[in-house]
Amino acid sequence: MLQGPLLLAVFIGTLAFLLITVIRFKVHPFLALLFSCFLAGILTGMPLDRTAGAMVEGFGKTLQSVGLVIGLGIIFGALLSDSGATRKIAEFLAARIGARNAPLAINLTGFLVSIPVFMDAAFVILVSLAKDLARIAKHTNVALVVPLAVGLIVSHNLIAPTPGPVAVANQLDVSVGSFALWALVVGLPAVLVGGWLYGRLLGRLKIAEDSAGETASTEAAPDLDAQARPGASASFFLLLLPILLIFAGSALSFLVPQDSSIGSLLKFLGDKNVAMISGVLASMLFLRRCFSQPTAEIIGSAAEKSGGVLLITGAGGALGATLSACGVGAYIADSLAGLSIPLTVAGFLLAAVLRAALGSSTVALITSASLLAEQIANSGASALLVGLAICAGGNCLSLPNDSGFWVVNRFGKLSVRQTLAGWTLGGTIAGTVAFLGILCLQVAGIGSTAEGSTLSRSENKDKIVEMMVEGRKAQEQVPLPSEVFGPFSLEEAYRIEGSLAARLEKLYGPVAGYKVAFATEDALKKYDLEAPVTGSLYKSFEVPNGGSVSADAFFLFHIEAEIVFILAKDILEPLDSVEALAPYVASVHAGLDIADERFDIKEGQARTISDFVANGSGARYFMIGEGHDPRSVNLDDLTLSLYKDGEKVYEGHSTNIMGSPWNVLLAIANAHVARGNPFRAGQAIVSGKVYSPFKASGADAVGEYIGDCGALGKVSLTVR
């Protein structure tokens, strides 16, 4: 496959081909996007079957994320529009705020709404209001749609609790609250300049009346004089109902236990798809007397219109996935990360270019933070300001390989030229303004003292890592870090473990995967964990099935029969369900986790979870058996047993770990994404023990061990 600088040429050439075919030759965007996928694959030398696979995967993943929201959003918008609800709201707002202030109002609405609500869902809900407000207030469509879209994307990429900013803050070990506060400070001017002011300017230019697009000012408004009209209060309630449900699910989930019945209900109601369904059902119920035609006809017409939008949106995701599979994103990331430029500038540029190359702002933010985290820690640069710069860069350069580009294009009734001028350039202006604000904070000295963890920004972190590295080199136990350096949090422990892993890779070779610990429900409750913990496994410690290890290599020998997942591809974004996780798994195996206890614990001392994680969660040797297709084995009905010298020493069921090994993999995959350390293709994930491990020391560990994992087969180990 093609490598090096030519990948950048392929990226630019592919996007040029796409824009020329759509704008100049009027090829339908759906077909143009698919043609562009194959062009990128051919030019980079990627096998055609892999090109087709990446394209189909990207298409499916995109629609899995936003397909229902788009379909339900079109139906929801049609019900509100036909009944006159959105027009009633637009008339109300125009009368209260004045026609001149309509773009500012919709801009700030988008900025605030997208803090708790995902950008795609919020845009689908609010765009019909923007178009009706444009008609009532006598503005061009562009002058309202652009401020709304830019307002939404700025807060989506800058302000927690959306996934990108949370992942960046966690990866760089910055307090999420502090991060959100300063994001608001730099985000407000950005959204006003890139959304409101730029939208006003764009609305006065010729491009606002692009003949290839549709403007709200020329759309025929429904005749509402002959039908009942809903009141303003009811109209506002129905429009905001999905937003309120999502907000409640997000905000209140922090106040109630996730495993409680109330927590489960909030999670269900706050799901964006459930919220949209609720909006549709409520509109059908409360607006039934206001419709100008039968409800079935309104929904049928809306469903027909959704087909084209879904195809184009999915194809945008397909192009982004194909370019990523070609290696474009990895080449650009590696090139920029190695440049000798200030880290604040590097973070902004890296996120912006990755957004352009990969077509996903969330992936761009997480990848950028992961690449720069160690440099930030070692240089003493402000993690807060570099993290904010990364998030600012994620607003820039949304191109046609971004599914969001096509959501704005089709729902906003914009031409491709209008979308490039409004959405792409407007978001880039907003991101640049936010970055300039970050530079002002830097000049003012804000963030010069590391935010968040004092431990991970102090000499203590380096001392802990050095202590544990030297312990491994000398094959000696180490004291508990929390006893020597004071207590530290779980997030701080993962930062230490990340630095430790970087050092150990030089000794032991690359990270081969991760072992899981504390995966049972009892352990999660006992230690108040949201997800199991993990430790890095190194390729040089993989023991072949039937192999042997020396008992002298251990201080306190642990051995557990476990299930091993081998990943088929990188997991770069949070996944919503086990069903979404399945395509990421290449094979499942029987396995053994052969762990060790490396702490020198004195009388009266107790190892904390943070100690355990910081030192790699006891990870040592591991073994992987024969592979199986994950679809051929029911992992939720396996009995795992361990035998020593022919005698069964423990037995457990696969459902003992979070109800299913799949639930374990989903939880830790999402936890790693949130920390900016995503799982990679080819890595082995050892699922966690289903029952108490067998422990021994010295001569007591010597023997023949067999791990019987039912349908997954057996693995054996000799301890000599």
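Since the model is a prediction, treat every value here as computed from it, not as a measurement.
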Determine whether the side chains of T639 and E651 contain a donor N or O and an acceptor N or O closer than 3.5 Å. no
Could you walk me through whether E470 and K473 pass the salt bridge (Lys or Arg N to Asp or Glu O under 4.0 Å) check? CA-CA 5 Å; E470 291 303 317; K473 287 181 178 179; 3.7 Å; yes
Give the intermediate values and the outcome of salt bridge (Lys or Arg N to Asp or Glu O under 4.0 Å) for residues E542 and K539. CA-CA 6 Å; E542 182 178 357; K539 188 64 179 176; 2.7 Å; yes
Between F679 and F565, does the ring centre distance come in under 6.0 Å? no
Should E483 and K602 count as an ion pair when the cut-off is N to O under 4.0 Å? no
Evaluation steps, salt bridge (Lys or Arg N to Asp or Glu O under 4.0 Å), between E597 and R607: CA-CA 10 Å; E597 179 63 79; R607 179 197 65 179; 2.9 Å; yes
Assess the residue pair D636 and S660 against the criterion (side chain to side chain donor-acceptor pair (under 3.5 Å)); give the C-alpha distance rounded to whole Å, side-chain angles, the decisive distance to 0.1 Å, and a yes or no. CA-CA 5 Å; D636 296 341; S660 166; 2.5 Å; yes
So, the side chain of K714 versus the backbone of I706: is there a donor-acceptor pair under 3.5 Å, distance only? no
Using only atom types and a distance under 3.5 Å, with no angle test, would you say the side chain of R472 pairs donor to acceptor with the backbone of L507? no
Taking the inter-plane angle between the rings of F557 and Y705 on a 0 to 90° scale, is it parallel (under 30°), tilted (30 to 60°) or perpendicular (over 60°)? tilted
Test your reading of the model: is there a side-chain donor-acceptor pair from D645 to the backbone of E704, 3.5 Å cut-off? yes
Whether Y508 and F541 hold their rings parallel, tilted or perpendicular, with breakpoints at 30° and 60°: perpendicular
Side chain to side chain contact (heavy atoms under 4.5 Å, CB included) test vs Y514 passes for just one of V686, I685, L537, namely I685
Which is it for S610 and E492 under the side chain to side chain donor-acceptor pair (under 3.5 Å) test, yes or no, and what are the steps along the way? CA-CA 8 Å; S610 296; E492 292 168 334; over 6 Å; no
